[in-house]
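Following: one structure in structure tokens, then a few remarks.
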Amino acid sequence: MTLLTRRGLLGVGAGGLLVSGCGKLAQSHTANDVIAQAERATYGWQRLIGRHALAQEFAAADVSPVFKANGTKDPQDDAYRHHADTGFADWRLRIDGLVARPLSLSLADLHHLPARTQITRHDCVEGWSAIGQWTGPQLGPLLKAAGLLPTARYIVFHCADTYGGEVGKGGAQSSGKYYESIDLVDAFHPQTIVAHSMAGKPLTVAHGAPCRMRIERQLGYKHAKYVMRIEAVDSFGRFELGKGGYWEDRGYEWYAGI
Ligand SMILES: Nc1nc2c(c(=O)[nH]1)N[C@H]1C(S)=C(S)[C@@H](COP(=O)(O)O)O[C@H]1N2
Ligand SMILES: [Mo]
């Protein structure tokens with residue numbers, strides 16, 4: 001499938017298939033759209049204007065010697081165990097939903113795509129931060145290659161793990177499938193990548209193997225690990241408890257801007 005080669009994906013990006021994705025992105029800059037979004041409770045003018053800016057990037061010398069793993073560190077879900085035990089040989093990342101051409105990427109496909117490497121600071125709500133280096137394809141071009149439809153408004157990340165919560169860390173947290181969602185501003189942000197590598201090596205299970213999101217303008221819980229499926233939707237209300245993410249369903253903000 002030509003989409004999966006480096007040249008192929010770039011070819012698609014340079015050609016006409018760009019239109020739906022770019023149209024969507026361009027739309028998000030129009031005054032009407034900005035006003036409409038600002039009127040929604042979670043966005044303020046300051047935040048929205050600042051949202052296109054890049055998160056700070058650091059030098060190799062700044063990388064933290066230890067980057068804590070948090071939340072799920074070793075998913076026990078059957079499907080994930082199968083993939084981890086077989087080296088992710090028959091694992092596929094699906095990119096589907098409101099797209100014209102759903103994609104199904106093997107781990108090798110993912111590793112062969114044009115990638116971005118970035119050294120950024122991860123901020124967890126639990127009060128720790130760490131600087132790490134991440135590599136992977138940008139989400140935007142993947143969505144363009146899949147032919148994102150104009151009806152798409154959000155991107156949902158379906159993860160492999162069921163998170164049981166850690167009751168000792170802040171009250172009863174019911175167990176549930178981990179998932180996350182972002183809007184198209186963040187989906188097409190240049191630093192939003194599907195990371196397959198950390199510090200130049202394939203992701204470890206603790207950090208989200210075989211791939212995890214980096215959503216650099218937002219807090220740690222938005223950075224979904226163990227991503228199995230990326231779904232374009234018009235609303236995230238039908239997933240789990242309806243607030244757009246595992247932690248959002250338990251009271252955290254959906255827009256977790258830093
Ligand atoms: N699938 C999944 N993604 C997840 C979590 C999780 O439990 N499951 N925890 C989140 C939280 S709260 C943080 S701080 C980061 C931790 O990423 P790390 O383990 O690479 O430090 O992953 C986020 N993504
Ligand atoms: Mo976190």
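Whatever order the structure lists them in is the order used to number ligands and atoms, beginning at 1.
S174 and R250 share a side-chain donor-acceptor pair at under 3.5 Å. D234 and T151 form no side-chain donor-acceptor contact under 3.5 Å, judged by distance and modelled atom types alone. No hydrogens or angles considered: a donor-acceptor pair under 3.5 Å links the side chains of D249 and Y179.
Of all heavy-atom pairs between I95 and A146, the closest is CG2-CB, 4.2 Å. The shortest heavy-atom contact between S181 and F236 is OG-CD2, 3.6 Å.
Interface of A206 with ligand 1, defined as ligand atoms under 4.0 Å from a residue heavy atom, comprises 19 (O). Within ligand 1, the atoms closer than 4.0 Å to a non-hydrogen atom of Y226 are 1 (N), numbered from 1 in the order shown. The F67 neighbourhood of ligand 1 comprises atoms 21 (O), with distances under 4.0 Å to a heavy atom of that residue. Using a 4.0 Å cut-off to heavy atoms of Y221, the atoms of ligand 1 that qualify are 10 (C), 11 (C), 12 (S). Against a heavy-atom cut-off of under 4.0 Å, C124 is close to the following atoms of ligand 1: 14 (S). The distance from ligand 1 to the heavy atoms of G71 drops below 4.0 Å at these ligand atoms: 7 (O).
Ranking the protein heavy atoms by distance from atom 13 (C) of ligand 1 puts G220 O, 3.6 Å first. When only non-hydrogen protein atoms are considered, atom 7 (O) of ligand 1 lies nearest to T72 N, 2.8 Å. Among protein heavy atoms, the minimum distance from atom 21 (O) of ligand 1 is reached at K68 O, 2.6 Å.
Counting heavy atoms closer than 4.0 Å to ligand 1, residue K222 contributes nothing at all. For D161, every heavy-atom contact with ligand 1 shorter than 4.0 Å involves the side chain, none the backbone. Within the 4.0 Å heavy-atom criterion, the part of C159 lying near ligand 1 is the side chain and not the backbone. If you look at Y246 next to ligand 1, there are no close heavy atoms at all, none under 4.0 Å. Heavy atoms of A130 found under 4.0 angstrom from ligand 1: none, in either backbone or side chain.
For H82 and W91, the distance between ring centers is not under 6.0 angstrom. Taking the centre of each ring, Y221 and Y252 come in below the 6.0 Å mark.
The residue among W128, Y178, W247 with a heavy atom at the shortest distance from atom 4 (C) of ligand 1 is Y178. Counting only non-hydrogen atoms, the option in R214, H223, R212 that gets closest to atom 17 (O) of ligand 1 is R212.
Remark: D161 pairs with no residue by the salt bridge (charged side-chain N to carboxylate O under 4.0 Å, His left out) rule, at least two apart or across chains. Under the side-chain hydrogen bond (donor to acceptor under 3.5 Å, both in side chains) criterion, T192 pairs with no residue, sequence neighbours left out.
The residues E248 and K222 are annotated as salt-bridged, a charged nitrogen and a carboxylate oxygen being separated by less than 4.0 angstrom. Taking a cutoff of 4.0 Å between a charged side-chain nitrogen and a carboxylate oxygen, D109 and R92 do not qualify as a salt bridge. With salt bridges taken as basic N to acidic carboxylate O contacts below 4.0 Å, none links R116 and E216.
Proximity of G132 to ligand 1 is not established, as no heavy-atom distance is less than 4.0 Å.
In terms of polar-atom proximity, Y163 is not counted as a contact of ligand 1, lacking any N or O under 3.5 Å from an N or O of the ligand. The N/O atoms of H122, backbone and side chain alike, include none that comes under 3.5 Å of an N/O atom in ligand 1. In terms of polar-atom proximity, defined here as any N/O pair under 3.5 Å, K225 does make such a contact with ligand 1. The shortest N or O to N or O distance between H207 and ligand 1 is below 3.5 Å.
For D78, the CG atom counts as loosely surrounded, since its 6.0 Å shell holds 12 or fewer non-hydrogen atoms of other residues, nucleotides or ligands.
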